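Reading through the structure tokens given below for one structure.
All values below come from the heavy atoms of this structure, side chains included, with hydrogens, waters and symmetry mates left out. None of these values were measured; they are calculated from a predicted model.
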Amino acid sequence: MSSATLFTDDPRDIPAGPALLQRLSGIQPVKLLVIAFAIVVLLALIAYPLVLLTGYSLIDAQGNLTFDTFEKAFNRRGMWAATVNSTVLVGLVTAGACALGIPLAWIVARTDAPGKMLVTLAAGISFVIPSFISVVSWIFLAAPNSGYLNKLAVEYLGFTHAPFNIMSFGGLVFIEIIGVYPLVFFAVSAALHNVDASNEQAARVLGAGRLRTTLTITLPLVRPAILSAIILVMLDALSSFGAPAAIGTMANFSVITTKIYDLLKFPPQFNYAAAVAMPIMVFTAVSLLIQKYAVRAENFRTLTGKATSDQITTLGRWRWAAGGFCIVVVFATAVLPIGALLLLSVLSSFGADITLSNLVTKHYALIFDADFVARGSIINSLLLALATATVCAGLGLVLGWVVERVKFFGREAITFLVMIAYGFPSIAYAVGILMGYVNLFYGTLTLILIAYAGKLLPIAFVLVRNGIQQLSTDLEEAARISGAGWLRSVRDVTFPLVRGAVGIAWVLVFSLSLRELSMSAILSQADTQVMPTVVIQFIEDGAIELAAALSVVIVTVSLSILGLIRFFSRKKTAAVS
């Protein structure tokens with residue numbers, strides 16, 4: 001098979017019996033070069049580190065093939081306890097996120113309870129704030145003895161002991177739940193909005209009550225969304241690193257991800273780290289397969305049509321009870337954490353009375369001091385976010401175009417390879433990156449950039465590919481007929497039409513890069529610290545006020561840059577046909 005056959009824009013363009021010279025004359029070197037370069041980069045970013053990770057788990061220190069690495073890794077001190085902790089954490093967080101997210105979704109989507117818009121806003125804020133920043137807020141509020149909620153409970157509510165202790169395994173479960181429940185809430189509420197009301201109306205006509213109709217008709221119809229959300233929550237809880245690292249250090253317990261981090265401290269033990277990471281990878285792969293099967297198995301024909309006012313359930317006397325539940329959730333998941341973070345960042349010291357005389361700006365002055373580590377981490381984070389967003393947006397554009405426009409054997413492998421990185425836990429993926437590029441880029445920002453780009457590429461790829469799917473090929477074909485080469489047709493026709501999707505992808509990747517911790521903790525060194533790793537270091541050192549001030553910088557920049565989505569959303573990116 002010739003190169004011309006391998007890379008043909010559309011099967012209709014292939015002449016019935018072209019001569020070899022005619023085929024070769026149709027090859028555009030620039031196009032082949034760009035596509036080949038993008039695929040090579042993709043292999044280097046994702047395939048190479050994952051293959052290395054698997055290989056390292058199957059060899060011993062002398063390079064011999066063996067399965068003893070798994071036995072030795074899991075027989076290390078504290079490893080089984082960490083495994084049990086991770087298992088319990090995943091179970092409790094999944095149950096808690098569903099218990100919170102599903103009722104909230106039902107209240108917001110299908111009832112007349114007040115305060116529904118506030119719940120959506122609070123869920124968005126909780127989703128944006130990473131868990132390690134939530135830890136900072138909740139230490140201020142619920143640290144044993146010194147937490148302000150505990151002080152209020154003892155001084156004004158008659159408690160004899162502090163009722164809250166965020167520095168515990170239960171505290172970790174709570175922080176993880178309020179961080180991931182938006183996954184359940186958004187998935188289920190979106191599905192509920194699309195449920196055809198005729199099914200519920202039929203049940204009501206047959207005599208079923210509101211509760212029975214909800215449990216036997218409504219929720220089963222959104223089962224795919226619930227299953228997908230459960231799997232995402234499980235993967236998120238299993239791969240969580242920031243909150244377990246911060247709270248586990250103070251409460252003296254570990255989970256699998258923190259154990260992997262310990263194995264990579266000097267001297268690094270790559271084989272054991274890879275062996276410990278493999279069960280996470282297997283669990284992730286199995287979960288993604290289950291999700292794919294479950295979604296395909298459902299009949300989506302029941303989810304048709306838009307919700308109407310007739311679908312709204314009147315709660316009667318329970319309306320205000322549901323509204324009160326919404327307000328409590330908004331207060332606990334958004335108002336309290338954000339307020340505590342801002343207040344702590346300007347308080348003279350942790351535990352000081354909240355008075356005007358104790359409000360200072362010295363923490364912000366210190367983190368922006370040129371000689372302090374925090375300022376360097378801010379610059380590193382911004383540089384990495386800019387570079388990662390640009391690389392992912394550019395690579396996503398090329399790969400998205402290749403998958404949608406070029407017909408060749410194996411193009412689905414590109415999609416699979418891109419998406420598989422999204423499912424793997426960041427901590428395991430970082431181990432593979434470290435193994436693959438430690439000799440070339442150790443101690444440099446390039447090493448972190450490679451990890452960020454590989455892990456966040458799926459976000460840019462999906463967004464840009466969706467944009468290209470909306471475009472008719474007519475304009476590109478017209479450009480080629482007019483004599484434009486491939487590069488010019490992409491630059492002058494395709495890119496302007498999908499620049500909104502590319503811009504949104506750039507913004508999202510930038511924001512996620514800014515708050516990335518799991519990979520940064522493993523790959524960064526003294527000169528390549530980023531803001532999240534410095535926040536964790538401040539927490540471990542007891543400098544909670546500095547951690548709060550730097551967290552405010554992260555949240556402010558993240559929310560500000562996310563505001564650009566409105567700008568790109570206004571651009572004309574609709575389908576052209």
Side-chain angles (χ1 to χ4, degrees), residues 39-74 76 79 82 235 238-239 241 245 255-285 384 387-388 391 395 416-458 513 516-530 533:
I39 293 176
V40 169
V41 172
L42 178 64
L43 294 174
L45 287 179
I46 298 175
Y48 178 54
L50 294 184
V51 169
L52 275 181
L53 187 64
T54 305
Y56 264 86
S57 68
L58 297 174
I59 60 174
D60 58 21
Q62 289 71 41
N64 302 315
L65 182 64
T66 179
F67 290 99
D68 292 344
T69 310
F70 290 94
E71 180 182 354
K72 292 179 180 177
F74 281 93
R76 295 174 66 87
M79 191 61 72
L235 293 178
L238 183 62
S239 61
F241 174 75
V255 296
I256 289 180
T257 52
T258 55
K259 278 295 183 183
I260 293 175
Y261 178 69
D262 291 339
L263 287 169
L264 293 173
K265 291 180 179 177
F266 187 82
Q269 302 175 73
F270 291 138
N271 300 67
Y272 292 149
V276 174
M278 286 307 295
I280 300 179
M281 294 177 61
V282 172
F283 180 83
T284 302
L384 281 169
T388 305
V391 169
L395 202 55
F416 175 78
L417 198 54
V418 172
M419 297 309 299
I420 199 171
Y422 183 75
F424 281 145
S426 298
I427 196 91
Y429 180 69
V431 173
I433 292 292
L434 187 62
M435 292 172 178
Y437 299 100
V438 64
N439 293 327
L440 293 174
F441 303 114
Y442 182 74
T444 68
L445 290 177
T446 304
L447 187 66
I448 305 176
L449 172 61
I450 293 172
Y452 282 12
K455 187 65 183 173
L456 299 177
L457 174 61
S513 300
E516 209 295 321
L517 173 64
S518 302
M519 296 186 292
S520 309
I522 290 178
L523 302 175
S524 64
Q525 299 299 315
D527 295 333
T528 56
Q529 292 283 328
V530 292
T533 60

>> For a quick test of reading the model, state the closest non-hydrogen atom pair linking M435 to A274 and the distance between them.
In response: CE-CB, 3.5 Å
>> With rounding to the nearest 0.5 angstrom, report the OH to CE distance, Y272 to M79.
In response: 10.5 Å
>> Please give me the minimum heavy-atom distance between A430 and I522, naming the atom from each residue.
In response: CB-CD1, 4.1 Å
>> Can a side-chain donor-acceptor contact be found between S520 and Y452 if the only test is distance below 3.5 angstrom?
In response: yes
>> Would you say the ring centers of Y48 and Y437 fall short of 6.0 Å from each other?
In response: yes
> At what distance, to the nearest 0.5 angstrom, does CZ of F270 lie from CG of L263?
Replying inline: 11.0 Å
> Considering all heavy atoms of both residues, which atom of L43 and which atom of L417 are nearest to each other, and what is their separation?
Replying inline: CD2-CD2, 3.7 Å
> With a 4.5 Å heavy-atom cut-off, do S518 and Y261 have their side chains touching?
Replying inline: no
> Nearest heavy-atom pair of P49 and Y429: which atoms, and what distance?
Replying inline: CG-CE1, 4.2 Å
>> For the CD atom of E516 and the OG1 atom of T388, what is their distance to the nearest 0.5 Å?
In response: 9.5 Å
>> With a sphere of 6.0 Å drawn around CG of D68, does it hold more than 12 non-hydrogen atoms of other residues, nucleotides or ligands?
In response: yes
> Just how far is it from atom CG of L434 to atom CG of L52, taken to the nearest 0.5 Å?
Replying inline: 10.5 Å
